[in-house]
Peer 1: 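The structure's right below; bear with me while I get my questions together.
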2 protein chains.
Amino acid sequence: MQVTAGGGAVAESGRPLRADARRNRERLLEVAVEAFSQPGRDVSLEGIAKAAGVGIGTLYRHFPTREALVEAAYRSEVARLCDAVPGLLEAEPPDRAMRTWTDRFVDYMTAKRGMADTLRAIVATGGNPYAETKARMREAVGTFLEAGAKEGTLRSDVDPGDVIAALSGITLSAGAPEQREQAGRLLDLVMDGLRPRT
Amino acid sequence: MQVTAGGGAVAESGRPLRADARRNRERLLEVAVEAFSQPGRDVSLEGIAKAAGVGIGTLYRHFPTREALVEAAYRSEVARLCDAVPGLLEAEPPDRAMRTWTDRFVDYMTAKRGMADTLRAIVATGGNPYAETKARMREAVGTFLEAGAKEGTLRSDVDPGDVIAALSGITLSAGAPEQREQAGRLLDLVMDGLRPRT
DNA sequence: CGATAAACCGGAGGCTGTTCCGGTTGGTAG
DNA sequence: CTACCAACCGGAACAGCCTCCGGTTTATCG
């Protein structure tokens, strides 16, 4: 399974995409992310194609299955989430910045429950589309932890992977919109666990 | 032992089903179980209806969604599996009988991978169709454990629920047909853990 | 610049899941 | 036994998924 990230400008063969193909791919991804964000809606692939101004065939050429599209959208959003880390660290002290970031993560996952189902199916099927994504998230969490450790407000002896597992667990068990408050409390709990023992 | 294992004669309202309705329901379930057992491929609901000699509308009246049908088929098969317990205990000593039974369980789940996906989806959606089914399985496992304990070949201090969790884990992680041997070894491992310490 | 081949585009078409409703039948009251 | 009505039957109709292929566009080379 080749990696060739979702936003890549390179096809599986290694050859650069033609300009029009690349434009279409980007537009599709953009619309897909938007569509999956709508809470109340079943997302129709035909609808996405139409909204992106391309035919259904074009959508399927870029994303051979619904899962491929969901996965690409997921990657794209995670990337955006992780890119936001430096900005957050400038605006707030590390521990608070990290809390803000976890909030965004949960918001993101709860808003996209529809695609969460598909993601679960992907995992169950055995494919591992997360390797790259997980690495990026580990990096993000690691950055927060390091920054916090330097100021003495966060522990340095925690595995970022464990934090990610905790976040995933929260979204899975309290991912419904009406449980948003509970999820918030759980996040507070996790953050408490990440502070150094006094 | 009617237990309404899918073949229930009573509608949700509590009113008895009409004779023809009941016949159709049973026939549908029978065909569905058969169809889901074919390793071959995707099961078409339309095909099930036709094979059962009823219209698609009738299928949907009895099982409003694909999930409902899968769930009913699952219950029905679990019931059959659990009903086999006494016979196995007569034919072999408890520990060996239990090993045979776990084999059947794994065979069943691997043969029905198609419906396993749907089952996962049901669980993920939060519905809990397993309460009743799980209780029956606990009972079956408990029976084996008790019988084995009486002969000193199995431990008596194990929670049946844990055993079930282990079995589920095995089917999830080694559920593909080509992993059948590995699954067998895992079952051996579990059985070893269930024997008393010497 | 013009021609050529590879790569891409879009939608028609086949298939399946699900809904809906007019016609039919089983069960029961008289 | 007959008549009646609620419940049930079957399939037509609609929508979304995915495949396939003729026509078009892009990039390259002389």
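First the proteins, then the strands, lettered A, B, ... as listed; each starts at 1. Every heavy atom of this structure was used, including side-chain atoms; hydrogens, water molecules and symmetry mates were not.
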Peer 1: Scan B/Ala49 against the nucleic acid and name what it touches under 4.0 Å (heavy atoms): base, sugar-phosphate only, or nothing.
Peer 2: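 The answer is nothing, as B/Ala49 stays clear of every strand by at least 4.0 Å.
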
Peer 1: DNA chain C: A/Thr58 or B/Gly57, which has the more 5' nearest nucleotide?
Peer 2: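 Residue closer to the 5' terminus by nearest nucleotide: A/Thr58.
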
Peer 1: Could you give the CG-to-P distance, from A/Leu45 to D/dC18, as a whole number of Å?
Peer 2: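 The answer, rounded to whole Å, is 6 Å.
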
Peer 1: Just how far, in rounded Å, is C1' of C/dC9 from CZ of A/Arg61?
Peer 2: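 In whole Å, C/dC9 C1' and A/Arg61 CZ are 6 Å from each other.
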
Peer 1: Below 4.0 angstrom from OP1 or OP2 of D/dG16, is there any side-chain N or O of A/Ser44?
Peer 2: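 Checking A/Ser44 against D/dG16: no side-chain N or O falls below 4.0 Å of OP1 or OP2.
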
Peer 1: Taking side chain to side chain contact (heavy atoms under 4.5 Å, CB included) as the test, write out the residues that go with A/Phe105, two or more places apart.
Peer 2: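 By the side chain to side chain contact (heavy atoms under 4.5 Å, CB included) rule, A/Phe105 matches A/Leu81, A/Met109, A/Met137, A/Leu167, A/Thr171.
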
Peer 1: Provide, to the nearest angstrom, the distance between the CG atom belonging to B/Leu59 and the P atom belonging to C/dT18.
Peer 2: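 To the nearest whole Å, that distance equals 10 Å.
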
Peer 1: I want to confirm an ordering. Mapping A/Glu46 and B/Arg23 to their closest nucleotides on DNA chain C, which one lands closer to the 5' end?
Peer 2: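 The residue closer to the strand's 5' end, by nearest nucleotide, is A/Glu46.
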
Peer 1: For A/Ile56 and D/dC21, what is the distance between atoms CD1 and P respectively, to the nearest whole Å?
Peer 2: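 Checked: the CD1 to P distance equals 18 Å.
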
Peer 1: Less than 4.0 Å between a side-chain N and a carboxylate O, is that true for B/Asp103 and B/Arg99?
Peer 2: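 Between B/Asp103 and B/Arg99 there is a salt bridge, with a charged N closer than 4.0 Å to a carboxylate O.
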
Peer 1: Looking only at the side chain of A/His62 (C-beta and beyond, no hydrogens), which of the listed nucleotides C/dC9, C/dT18, D/dA27 gets closest?
Peer 2: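 Side chain of A/His62 sits closest to C/dC9.
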
Peer 1: Which of these, B/Val190, B/Leu88, B/Val141, B/Val85, sits in a side-chain contact (heavy atoms from CB on, under 4.5 Å) with B/Met98?
Peer 2: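 Running side-chain contact (heavy atoms from CB on, under 4.5 Å) over B/Val190, B/Leu88, B/Val141, B/Val85 with B/Met98 returns exactly one hit, B/Val141.
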
Peer 1: Please give, in whole Å, the distance from C/dG17 C1' to B/Glu67 CD?
Peer 2: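 Distance check: B/Glu67 CD to C/dG17 C1' gives 12 Å.
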
Peer 1: Quick check: any donor-acceptor pair below 3.5 Å linking the side-chain of A/Arg18 to the base of D/dT25?
Peer 2: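 Present.
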
Peer 1: Roughly how many Å is it from NZ in B/Lys50 to C1' in C/dT16, rounded to a whole number?
Peer 2: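 About 12 Å, once rounded to whole Å.
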
Peer 1: In whole angstroms, how far is the P atom of D/dG11 from the CD1 atom of B/Ile48?
Peer 2: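 Rounding to the nearest Å, CD1 of B/Ile48 and P of D/dG11 are 17 Å apart.
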
Peer 1: Give the rounded distance in Å between these two atoms: CZ of A/Arg22 and P of C/dC9.
Peer 2: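 Answer to the nearest Å: 14 Å.
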
Peer 1: Donor-acceptor pair, B/Ser76 side chain versus B/Ala72 backbone, under 3.5 Å?
Peer 2: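 Judged by distance alone, no pair lies under 3.5 Å.
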
Peer 1: On the nucleotide C/dC8, are OP1 or OP2 found under 4.0 Å from the side-chain N or O atoms that A/Asn24 carries?
Peer 2: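 For A/Asn24, the contact criterion (side-chain N or O under 4.0 Å from OP1 or OP2 of C/dC8) is not met.
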
Peer 1: Take A/Glu132 and A/Arg136 through the salt bridge (Lys or Arg N to Asp or Glu O under 4.0 Å) test and state the conclusion after the steps.
Peer 2: CA-CA 6 Å; A/Glu132 181 200 334; A/Arg136 288 215 62 174; over 6 Å; no

